[in-house]
Amino acid sequence: MSVDHFLPKSKHPSLAYEWSNYRLARPKLNNNKADSEAVLDPFQVRDGWFVLDCPSCLIRPGNNAVGTTRLDVVSTIRILKLNSNELADERCRWLADFAMNLISFDYLRREYPFLAFEVDRQGIIGQLKTLFALN
């Protein structure tokens, strides 16, 4: 993880040293974001705006993302490349590790809270082995 500016300092130099403009980000996602301002602020995201499709491990707009919010969710997924093979494969590996009891749900929640939230919300915790063909 790294800390970087949510609003790019190249476009908002007055916010370069404002704590309120810093966000924790994975370097890869931060690089994908670059100077874009067309991604949702993680502090503003609400439950149900982004959902996990299983077993593809792709992130989709949720039913709670309507109107312009839905467009912002789609834009955020596209700009950050949240559905790149690398990131989708990583999400699938985390879920497979959990399904095979290699990690606990508490560990999943701590390290990848979105995944833990989604499998719990969808009620698929007990179905992950089948979804990922892990028998």
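Predicted model, so just to flag it, every value in this text is computed and none were measured.
The CH2 atom of Trp94 sits 5.5 Å away from atom CD1 of Ile103, with the distance rounded to the nearest 0.5 Å. Going from atom CG of Leu82 over to atom CG of Leu58 covers 10.5 Å, rounded to the nearest 0.5 Å. One finds the CH2 atom of Trp49 at 4.5 Å from the OG1 atom of Thr69 (value rounded to the nearest 0.5 Å). If you take CG on Asn85 and SG on Cys92, they are separated by 10.5 Å, rounding to the nearest 0.5 Å. The structure places CG of Leu29 at 12.5 Å from CD1 of Ile79, a figure rounded to the nearest 0.5 Å. Rounded to the nearest 0.5 Å, atoms CD1 (Ile77) and CG (Leu40) are 9.5 Å apart.
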request  = Could you check Phe43 against Ser20 for side-chain contact (heavy atoms from CB on, under 4.5 Å), going step by step and ending with a plain yes or no?
outcome  = CA-CA 10 Å; Phe43 288 168; Ser20 62; over 6 Å; no
Salt bridge (Lys or Arg N to Asp or Glu O under 4.0 Å) between Glu90 and Arg93, worked out = CA-CA 5 Å; Glu90 180 183 339; Arg93 280 192 307 274; 5.0 Å; no
task = Walk me through it: do Cys57 and Asp89 pass the test side-chain contact (heavy atoms from CB on, under 4.5 Å)?
result = CA-CA 7 Å; Cys57 294; Asp89 289 348; over 6 Å; no
request  = Quick one: do Asp47 and Arg121 satisfy salt bridge (Lys or Arg N to Asp or Glu O under 4.0 Å)? Show the steps, please.
outcome  = CA-CA 10 Å; Asp47 289 346; Arg121 180 189 68 79; over 6 Å; no
request  = Please test Arg91 against Asn83 for side-chain hydrogen bond (donor to acceptor under 3.5 Å, both in side chains), starting from the C-alpha separation and ending with a verdict.
outcome  = CA-CA 10 Å; Arg91 289 189 288 269; Asn83 287 329; 3.3 Å; yes
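Side-chain atoms of Pro8 and Lys33, non-hydrogen and from C-beta on, do get closer than 4.5 Å to each other. With a 4.5 Å cut-off on side-chain heavy atoms, Phe105 and Asp120 count as touching. Counting heavy atoms from C-beta outward, Ser75 and Val39 have side chains that stay 4.5 Å or more apart.
A cation-pi arrangement is absent between Lys9 and Tyr17 under the rule of less than 6.0 angstrom and at most 45 degrees off the ring axis.
For the side-chain contact (heavy atoms from CB on, under 4.5 Å) criterion with Phe6, the lone passing option out of Leu15, Asn30, Asp41 is Asp41. Considering Val73, Val74, Leu80 in turn, Leu80 is the only one that fulfils the side-chain contact (heavy atoms from CB on, under 4.5 Å) rule with Thr76.
Both Ile125 and Leu102 are members of a single hydrophobic cluster when ILVMFWY side chains are connected at heavy-atom separations under 4.5 Å. No path of Ile, Leu, Val, Met, Phe, Trp and Tyr side chains, each step under 4.5 Å between heavy atoms, connects Leu71 with Ile59, placing them in separate hydrophobic clusters. Note: the hydrophobic cluster containing Leu24 also contains Trp19 (ILVMFWY, side chain heavy atoms under 4.5 Å, direct or indirect links). Phe117 and Leu95 are not part of a single hydrophobic cluster, where members link through side-chain heavy atoms under 4.5 Å apart.
Around NZ of Lys11, the count of heavy atoms belonging to other residues, nucleotides or ligands within 6.0 Å exceeds 12. By the neighbour-count criterion of 12 heavy atoms within 6.0 Å, atom CG of Asn63 is sparsely surrounded, having that number or fewer from other residues, nucleotides or ligands.
Outside the 6.0 Å centre-distance limit, the rings of Phe114 and Phe50 are not counted as a close aromatic pair.
Nearest heavy atoms, Arg109 versus Ala116: CA-CB, 3.5 Å.
Comment: Lys81 does not engage Glu86 in a salt bridge, judged by the lack of any side-chain N to carboxylate O separation of less than 4.0 angstrom.
Between the side chains of Glu18 and His12, no donor N or O sits under 3.5 Å from an acceptor N or O. Residues Asp53 and Ser56 bring a donor and an acceptor atom of their side chains to less than 3.5 Å of each other. Counting only N and O atoms by type, the side chains of Arg26 and Asn31 include no donor and acceptor under 3.5 Å apart.
Using a distance-only test at 3.5 Å, with no hydrogens or angles considered, no donor-acceptor pair links the side chain of Arg60 to the main chain of Val51. The backbone N or O of Leu7 lies less than 3.5 Å from a partner atom in the side chain of Asn21, making a donor-acceptor pair.
In this pair, His5 and Tyr22 present their aromatic rings tilted. The plane angle is within the 30 to 60° band.
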